[in-house]
Amino acid sequence: MPPVHDIAATVRERAARELRNRILTGALPAGSRLDLDAITEEFATSRTPVREALLELSFEGLVRVAPRSGITVIGVSSRDVLDSFTILGVLTGQAAAWAAERVTPDELDGLRRLAADVASRAGEDSIGEANWRFHQDIHRAAHSSRLLAQIRQAAHVVPTNFLTLFPDHEKQSLSEHEELLDALGDGNAEGARSIAERHVLEAGRSLADWLERRGDGAVAPAQQ
């Protein structure tokens, strides 16, 4: 029997990802009002998956959904970004350290192929997706389902178009991929941890500095 695909869930994920990207990069600044009907029309769907996407973003503290005032973007400040990327850096650093100790030869070969694929897409819009596949497989090589689940949640703070948005970061990122592969191949857990954590923190600083220059930031903090 062929697998059943939840189309509504797919639309919800796509809408949440795109709206999250716009908020994280300041394209939807704090204080913006979101029109449910306009979003529904943009994604050519019904209201249900869009409402679910907005509810997901409200749980992440990016929007406020109120019965009377509608949907308002809370946004992120540069400090929010640095805090979030610091947390993600710690998690990915631990994943890299465990991967250095647990990666199999076949997994390491696969990571080298993925790194080469990322490098081959330099300057292209598709580099972001290839880059995520590379890092996701490093996280899997840690062989810890609990850590992988934590990283997937924390990684929501990274815009999927990060390398497209910051092309100057691309060359440095590719160089760090090679350093990380060397550490994994040598079984150097602390070296892999340091490289992976630095990789994420530098990305966070780039995004935070960019938001600071744009003058974007959060309005009043989300109510818990």
Side-chain angles (χ1 to χ4, degrees), residues 2-6 9-10 12-14 16-18 20-21 24 56 59-60 81 83-122 124-166 169-170 172-204 206-207:
V4 176
H5 298 288
D6 188 341
T10 302
R12 173 184 57 76
E13 291 165 2
R14 182 165 61 89
R17 181 174 63 247
E18 177 60 29
R20 185 185 297 113
N21 277 352
L24 291 174
E56 181 177 335
F59 290 151
E60 296 173 14
V81 168
D83 286 353
S84 297
F85 273 75
T86 298
I87 294 167
L88 178 60
V90 171
L91 294 172
T92 58
Q94 185 61 60
W98 280 344
E101 297 171 346
R102 303 171 182 177
V103 67
T104 68
D106 285 346
E107 286 172 334
L108 190 56
D109 287 343
L111 287 170
R112 290 192 176 105
R113 287 193 295 271
L114 287 172
D117 182 49
V118 177
S120 73
R121 297 172 186 270
E124 300 178 4
D125 289 345
S126 61
I127 191 172
E129 184 178 348
N131 184 62
W132 173 241
R133 286 197 300 268
F134 170 70
H135 286 287
Q136 191 174 44
D137 272 24
I138 291 177
H139 305 156
R140 290 194 180 110
H143 296 279
S144 172
S145 58
R146 294 176 68 86
L147 181 57
L148 185 61
Q150 293 292 322
I151 291 173
R152 282 175 175 160
Q153 181 61 37
H156 282 164
V157 301
V158 184
T160 57
N161 61 341
F162 180 86
L163 289 180
T164 304
L165 189 64
F166 300 103
H169 198 77
E170 187 178 277
Q172 177 183 345
S173 183
L174 296 176
S175 175
E176 288 173 345
H177 287 177
E178 293 303 318
E179 292 179 37
L180 185 51
L181 286 171
D182 288 342
L184 294 177
D186 293 340
N188 182 354
E190 288 312 307
R193 183 197 304 276
S194 176
I195 295 163
E197 191 166 341
R198 184 180 75 235
H199 189 75
V200 172
L201 289 177
E202 288 173 349
S206 294
L207 180 55

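The figures that follow rest on heavy atoms only: side chains count, while hydrogens, waters and symmetry mates do not. As the structure is a prediction and not an experimental result, all values here were calculated from the model.
- For Glu178, the salt bridge (charged side-chain N to carboxylate O under 4.0 Å, His left out) criterion is met by no residue, not counting sequence neighbours.
- Across Ala196 and Gly93, no two heavy atoms sit closer than the pair CB-CA, 4.1 Å.
- Considering only residues two or more places apart in sequence or on other chains, Arg113 meets the side chain to side chain contact (heavy atoms under 4.5 Å, CB included) condition with Asp109.
- Using a 4.5 Å heavy-atom cutoff, the side chains of Ser120 and Asp117 are in contact.
- Pairing each heavy atom of Asn21 with each of Pro159, the nearest pair is OD1-CA, 3.2 Å.
- The shortest distance between side-chain heavy atoms of Leu174 and Val118 falls below 4.5 Å.
- The main-chain N or O of Gly89 is found under 3.5 Å from a side-chain atom of Thr92 such that the two form a donor-acceptor pair.
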- Task: Run the numbers on Leu88 and Val157 for side chain to side chain contact (heavy atoms under 4.5 Å, CB included), then give the verdict.
- Result: CA-CA 8 Å; Leu88 178 60; Val157 301; 4.3 Å; yes

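- Using cut-offs of 30° and 60° on the angle between ring planes, the pair His177 and Phe134 is tilted.
- Screening residues 140-150 for salt bridge (charged side-chain N to carboxylate O under 4.0 Å, His left out) gives Asp137-Arg140 as the qualifying pairs, with residues at least two apart or on separate chains.
- In this structure, Val158 and Phe85 have side chains that are in contact, with non-hydrogen atoms separated by less than 4.5 Å.
- We find the CG-CZ distance between Asn131 and Arg121 to be 11.0 Å, quoted to the nearest 0.5 Å.
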- Check against side chain to side chain contact (heavy atoms under 4.5 Å, CB included), Leu181 and Arg112: CA-CA 7 Å; Leu181 286 171; Arg112 290 192 176 105; 4.3 Å; yes

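- Every salt bridge (charged side-chain N to carboxylate O under 4.0 Å, His left out) that Glu56 has, sequence neighbours left out, goes to Arg12, Arg20.
- Heavy atoms from other residues, nucleotides or ligands lying under 6.0 Å from CD of Gln172 number more than 12.
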- Walk me through it: do Glu107 and His143 pass the test side chain to side chain donor-acceptor pair (under 3.5 Å)? CA-CA 11 Å; Glu107 286 172 334; His143 296 279; 3.1 Å; yes

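- How far OG of Ser173 is from CD1 of Ile127: 7.0 Å, rounded to the nearest 0.5 Å.
- For residues 194-204, the salt bridge (charged side-chain N to carboxylate O under 4.0 Å, His left out) pairs, not counting sequence neighbours, are Glu176-Arg198, Glu179-Arg198, Arg198-Glu202.
- In this structure the side chain of Leu147 never reaches within 4.5 angstrom of the side chain of His139, judged on heavy atoms.
- Scanning for salt bridge (charged side-chain N to carboxylate O under 4.0 Å, His left out) contacts around Glu190 gives Arg193, with sequence neighbours left out.
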